[in-house]
Protein chains: 2
Amino acid sequence: MLPEENVLFRGVSREECRRMMSCFKPEIRKFTAGSIIADFCEPSDKIGIMLSGNAVMVRYDINGVRTIIEALGEQSIFGEYFTFSGAQRNSIEIVAESDCEIMFMHQSEITKRCENACQCHSRVVENLLMLMSEKAISLSERIEVLSQRSIGDKLLSCLKIFEDKTPNGQVPQIPFSTTALSDYLCVNRSALQREMTKLKSEGLLTMSKRKFRLIRRDEDEI
Amino acid sequence: MLPEENVLFRGVSREECRRMMSCFKPEIRKFTAGSIIADFCEPSDKIGIMLSGNAVMVRYDINGVRTIIEALGEQSIFGEYFTFSGAQRNSIEIVAESDCEIMFMHQSEITKRCENACQCHSRVVENLLMLMSEKAISLSERIEVLSQRSIGDKLLSCLKIFEDKTPNGQVPQIPFSTTALSDYLCVNRSALQREMTKLKSEGLLTMSKRKFRLIRRDEDEI
DNA sequence: ACTCCCTTGTTGCAATTGCAACAGACTTTT
DNA sequence: AAAAGTCTGTTGCAATTGCAACAAGGGAGT
């Protein structure tokens, strides 16, 4: 994907956009699957925008327990600016799940008054605002899931969110393996497995590989 | 607090700011302690900025279980735009903890091209960007806490965050009662109580009312 | 001082979740 | 085709957490 096609530049002409590149000084880098895209060792106001590929933001605590903080797909945005990394006791990394292409730029370059007087500068800032809005919503969804009190409820609310994001006509699926899902829900894998088989046996869920389907029982409420 | 003194207008002259008010058409409302500031029944792009007072964003699920999603203080920002409210099964509300004064405005009014050509319009957008950055960080902190696997770790990481936010020389404190804290950590109150007494007896924590102190045992690591 | 109401602190017991171990399926590498 | 590695699915047992109930403390209002 060309950097100019990124949502950040939506509404900005191709020509203008090229000109802005000299303002923002973006750095575009490629990563192979499995490599580390970023750690948050040193403070920086760099933001990254996924042009292509998939990645996950993970944390390992001092006991080596992995938590998947966030799944990042195309057009996702990440950066220390949006992510708590205060705890020195555990390390946060962004790891490429597939081959990735990522555009890095400094937030200050976007935010500061532009000497070149780019016409569309403020349009970019507004787009960034929208991206941050979306980021905040996806973080809220994450909280929604994690605030469920039982594994079953965590799973259901998580699947419901993925289902809602699935385009019409497609079968909903999770962007993880079951093992990774347990790191995402912050629960024990085998306990999650147990809940999954229970929900399947109750007829509330079908699942094969990463594809799933939720079966509603709205009559229960009546 | 005067609306013009809000962080949203930082770097904007008093005069300019007054002029912008006609652009943004802010609505300033007061709420008494205990009243509901907002529910998210109908979609809107309204954002609220706390000028004074304290509030909490809460959710009640279908079983009546309360979750405190977020504690809002002065200068906090909230709005459906930043908050997942997709789940129809549970209701999200913002409840005033103390008397509050809140400025509401429509995000579209801020974001749209301004016919009045206010000089400082883009400055306001940048400020909004910064507020959203902070919002994202505070949501990430929330995830950091909720992703801990045990009640003890949830409590410690939560207290550590509150401690880090305490100005030098002040005794750190939580913005809740213990009961509310359990709704914030999404755990059972008596189980939380149990963990608290355990940590106290181990000498890792002192706590009285809402004030607390964490005692570090860095030697443990060696 | 008294009542009402809410919060704190505690406990026994039940339910859920975590842990460890293992077998089988599936992928990738050699 | 064999081997190595990772993921899925299961289970028994241990640890943690939730639940319910109760006693005690504190604040607001009468």
Side-chain angles (χ1 to χ4, degrees), chain A residues 32-34 56 58 61-68 95-99 145-159 173-202 205-212, chain B residues 32-34 56 58 61 63-68 95 97-99 145-159 173-202 205-212:
Chain A
T32 54
V56 289
V58 298
D61 73 11
I62 42 170
N63 303 316
V65 176
R66 182 177 78 154
T67 300
I68 295 182
V95 181
E97 292 281 287
S98 64
D99 289 358
V145 170
L146 291 179
S147 66
Q148 300 300 318
R149 307 301 168 99
S150 70
I151 293 182
D153 286 343
K154 280 192 177 75
L155 176 60
L156 288 174
S157 90
C158 168
L159 293 181
Q173 66 176 42
I174 54 175
F176 313 111
S177 66
T178 312
T179 306
L181 183 63
S182 72
D183 290 338
Y184 184 73
L185 299 179
C186 302
V187 298
N188 180 273
R189 182 192 65 86
S190 61
L192 173 62
Q193 198 75 253
R194 191 157 33 199
E195 279 306 310
M196 279 173 54
T197 44
K198 192 178 142 219
L199 287 172
K200 283 180 198 166
S201 76
E202 286 170 351
L205 172 68
T206 60
M207 196 157 191
S208 84
K209 302 260 182 188
R210 297 181 176 192
K211 295 191 190 301
F212 69 90
Chain B
T32 55
V56 289
V58 298
D61 74 10
N63 303 316
V65 176
R66 180 176 80 153
T67 300
I68 295 182
V95 181
E97 291 281 287
S98 63
D99 289 358
V145 170
L146 291 179
S147 67
Q148 300 299 318
R149 308 301 170 96
S150 69
I151 292 182
D153 287 343
K154 279 193 178 75
L155 176 60
L156 287 175
S157 89
C158 168
L159 292 181
Q173 66 175 42
I174 55 176
F176 314 111
S177 66
T178 311
T179 306
L181 183 63
S182 72
D183 289 338
Y184 184 73
L185 299 179
C186 303
V187 299
N188 180 273
R189 183 192 65 86
S190 61
L192 173 62
Q193 198 75 253
R194 189 157 33 198
E195 279 306 311
M196 279 172 54
T197 42
K198 192 178 142 217
L199 287 172
K200 283 180 198 165
S201 76
E202 288 169 349
L205 172 68
T206 59
M207 196 157 190
S208 84
K209 301 261 183 187
R210 296 180 176 194
K211 296 192 189 299
F212 69 90

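Side chains are part of it too, since the values below use all heavy atoms of this structure and drop only hydrogens, waters and symmetry mates.
Residue order along DNA chain C, read from the 5' end via each residue's closest nucleotide, puts S190(B) first among S190(B) and K198(A). Each of G152(B) and R194(A) was assigned the nucleotide of DNA chain D with the nearest heavy atom; the assignment lying further toward the 5' end belongs to R194(A). Mapping I151(B) and F176(A) onto DNA chain D by nearest heavy atom places F176(A) closer to the 5' end of the strand. Residues R149(B) and K200(B) both approach DNA chain C. Their nearest nucleotides, taken by heavy-atom distance, put K200(B) toward the 5′ side.
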>> How would you summarise protein contacts on nucleotides 23-30 of chain D per nucleotide, using B for base, S for sugar-phosphate only and - for none, with heavy-atom distances below 4.0 Å?
In response: --------
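In this structure, Q173(A) CD and L159(A) CG are separated by 12.0 Å, a value rounded to the nearest 0.5 Å. One distance of note links OG of S147(B) with CZ of R66(A); it measures 13.0 Å at 0.5 Å rounding. A distance of 9.0 Å separates CG of D153(B) from CD of E195(B), quoted to the nearest 0.5 Å. Atom-to-atom distance recorded for I174(A):CD1 and L181(A):CG is 4.5 Å, nearest 0.5 angstrom.
For the pair L146(A) and C186(B), the minimum side-chain heavy-atom distance is 4.5 Å or more. Between D61(A) and T67(A) there is no side-chain heavy-atom pair separated by less than 4.5 Å. Proximity of F176(B) to D183(B): side-chain heavy atoms (C-beta onward) are nowhere separated by under 4.5 Å. You'll find the side chain of R194(A) stays beyond 4.5 Å of the side chain of K198(A), heavy atoms only. Put simply, the side chain of E202(A) reaches to within 4.5 Å of the side chain of L199(A), judged on heavy atoms. Side-chain contact between P175(A) and R210(A): absent, with no pair of heavy atoms (C-beta onward) separated by less than 4.5 Å.
When all heavy atoms of G34(B) and V95(B) are compared, the closest pair comes out as O-CG1, 3.8 Å.
Of the residues in residues 180-189 of chain B, those placing a heavy atom less than 4.0 Å from an atom of DNA chain C are R189(B), in numerical order.
Bounding nucleotides for the chain A contact on DNA chain C, 5' to 3', at a heavy-atom distance below 4.0 Å, are dT17(C) to dA21(C).
For Q193(A) and dG9(D), the CD to P distance is 5 Å, given to the nearest whole Å.
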